[in-house]
2 protein chains.
Amino acid sequence: MNSCPGSSNTAFKVACSSCNLRELCLPVGLTHSDIERLDRLVATRRNVARGDTLFRTGDSFQSLYAVRTGFFKTCVSAEDGRDQVTGFQMAGELLGLDGISSDRHACDAVALEDSQVCVIPYGQLEVLSREFTDLQHQFHKIMSREIVRDHGVMLLLGSMRAEERLAAFLLNLTQRLRARGFSASSLVLRMTREEIGSYLGLKLETVSRTFSKFQEDGLLEVKQRQIRIVSQDGLQALLNGAPAY
Amino acid sequence: MNSCPGSSNTAFKVACSSCNLRELCLPVGLTHSDIERLDRLVATRRNVARGDTLFRTGDSFQSLYAVRTGFFKTCVSAEDGRDQVTGFQMAGELLGLDGISSDRHACDAVALEDSQVCVIPYGQLEVLSREFTDLQHQFHKIMSREIVRDHGVMLLLGSMRAEERLAAFLLNLTQRLRARGFSASSLVLRMTREEIGSYLGLKLETVSRTFSKFQEDGLLEVKQRQIRIVSQDGLQALLNGAPAY
DNA sequence: CGGTTCATTGATAGCGGTCAAGGATTGTGG
DNA sequence: CCACAATCCTTGACCGCTATCAATGAACCG
């Protein structure tokens, strides 16, 4: 509880229409009046402390979540306990699309730092998107974009070497940070080497070694989770089939 | 042209309502009257000869496609020419969801045998799904299922060894064939070793060697593309963390 | 039937995994 | 504020899985 008027865990209302993430989130491309309808839909927020789960595999699916502040990972796990990080989500990105298919969540979503999400009741989103063509279309685009993103990750996992994977990962992160107004060259990783490794299909030692190699090669400066990109072009070149040396 | 009354490349009309794939395809769970609305939507078919593409990366996105007969692969490619098979689609499965995000297709869809698809104009699907709640929900489920499937592939690519990958691939294939009324133990692969390898993040030689090893181990009988599953349980055990020996 | 594509198998090499140890950082409780 | 524990990161040595290179054989197709 804080002392803001009307504050609570789920108050502190910031409407979609006045949210500075609206250009990155569900309202992209909607008219102002459509966004005001969204405001009624997205009535609640939820705080998730670092390390806590927003939802777990098997949880009943009720809502989608838009990250307002903070950082998440999603992971799936096999019967034998192995697990795989399937993505990292930052402000403006949607969580929970996996749940629609079976009315149960099919992955875990874990906050990697103290975070806040907007709760989007899925049933109401379906109702509203029947009424507002643009919202419907925008929602479909977001699902489709997730599919396209996943295919890109498959390409990475199926055909790239360790250095290429890490370079692709860093470039993707910085691009998304840049879209949110952050520096393109300096970043603080919110996840461990092990989580990066899981996402990239590598072991944590390989991630660490590759960071070190990038530093030796003058591409990065690495101090634990503090990363400074020295040569964006060098990283990009690694992806464009440049030889490893 | 053949001699059927009213025949043409796009005639030979079989309505969704009388299609034997309706339990696997878009109409799943719809009432009979809803399906009849779908019939109007899915007005055309398209034949795709083996080796031809249904659509290519960059093509303008207009329609989704439901596989009626035949078999497809989808693949994405990187700038440097590397490519990755992202999936294999059989009767009743939907192609083209990738195109919604940017109004252009984001992968190639190639027929691996002479095939026929139902053309589902996307704009009309959006219109119809605003009117029919069940259709809307079913469509969302299908997109979500694709996302969940992709996450499963990431798990496979990110954390499984070659034998586990191939076992998972075969079990997935047979499960889908069984759902279509085919034998669970005997199948003919429609794709090359190289295509399997691309999908599984392995080289074709590794795929071939692993097939041979499965045969030596009494799990399969392999004659080129003819596969007989001798021990489904053995394959399943490989996936459940059984040691490799 | 001859060419082309596809599959199998062997030999070898290299990338990334595994095991292990030590160091840095963070957080917590006294 | 310090001490201690827990977590995370780095680095080294070695190994094994899969890639690579190469040759042969089988199947398919025009």
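Here is how names work: the chains are called A, B, and so on, in the same order as the sequence lines, proteins then strands, and each is numbered from 1.
- The side chain of B:Ser208 places an N or O atom within less than 4.0 Å of a non-bridging phosphate oxygen (OP1 or OP2) of C:dT8.
- There is a side-chain donor-acceptor pair under 3.5 Å between B:Thr57 and B:Asp108.
- Within 6.0 Å of the CZ atom in B:Arg50, the count of heavy atoms belonging to other residues, nucleotides or ligands does not exceed 12.
- Each of B:Thr206 and A:Phe211 was matched to the nucleotide of DNA chain D holding its nearest heavy atom; the match closer to the 5' end belongs to A:Phe211.
- Taking only distance into account, the side chain of B:Glu194 never meets the base of C:dC6 through a donor-acceptor pair shorter than 3.5 Å.
- Atoms CG (A:Leu189) and C1' (C:dT25) sit 15 Å apart, rounded to a whole Å.
- Remark on DNA chain C: of its neighbouring residues B:Ser212 and B:Arg50, the 5'-side contact belongs to B:Arg50, judged by nearest-heavy-atom nucleotide.
- The separation between B:Met160 atom CE and C:dG17 atom C1' is 18 Å, rounded to whole Å.
- Between A:Leu200 atom CG and C:dG16 atom P the separation is 12 Å, expressed in whole Å.
- Checking the phosphate oxygens (OP1, OP2) of C:dC6, no side-chain nitrogen or oxygen of B:Arg225 falls inside 4.0 Å.
- The footprint of chain B on DNA chain D, defined by a heavy-atom cutoff below 4.0 Å, extends from D:dT18 to D:dC29.
- Within the structure, every side-chain polar atom (N or O) of A:Arg209 is placed at least 4.0 Å from both OP1 and OP2 of C:dG16.
- One interatomic measurement links the two molecules: CD of B:Gln224 to P of C:dT5, which rounds to 16 Å at whole-angstrom precision.
- Residue A:Leu204 is classed as a base contact, given a heavy-atom separation below 4.0 Å to a base.
- Straight-line distance from the CD atom of A:Glu205 to the C1' atom of C:dA20: 10 Å, rounded to whole Å.
- When the P atom of C:dC19 is taken as reference, atom NZ of A:Lys203 falls 10 Å away, rounded to whole Å.
- Here B:Gly201 lies in heavy-atom contact (under 4.0 Å) with sugar-phosphate atoms only.
- Between the side chains of A:Thr74 and A:Thr86, at least one donor N or O lies within less than 3.5 Å of an accepting N or O.
- Between A:Glu216 and A:Lys213 there is no salt bridge, since none of the side-chain N atoms of the basic residue sits less than 4.0 Å from a carboxylate O of the acidic one.
- A:Gln116 and A:Arg45 share no side-chain donor-acceptor pair at under 3.5 Å.
- Judged purely by distance below 3.5 Å, without hydrogens or angles, the side chains of A:Ser60 and A:Gln62 pair a donor atom with an acceptor atom.
- A salt bridge is defined here as a Lys NZ or Arg NE, NH1 or NH2 lying under 4.0 Å from an Asp or Glu carboxylate O, and A:Glu93 with A:Arg176 meets this definition.
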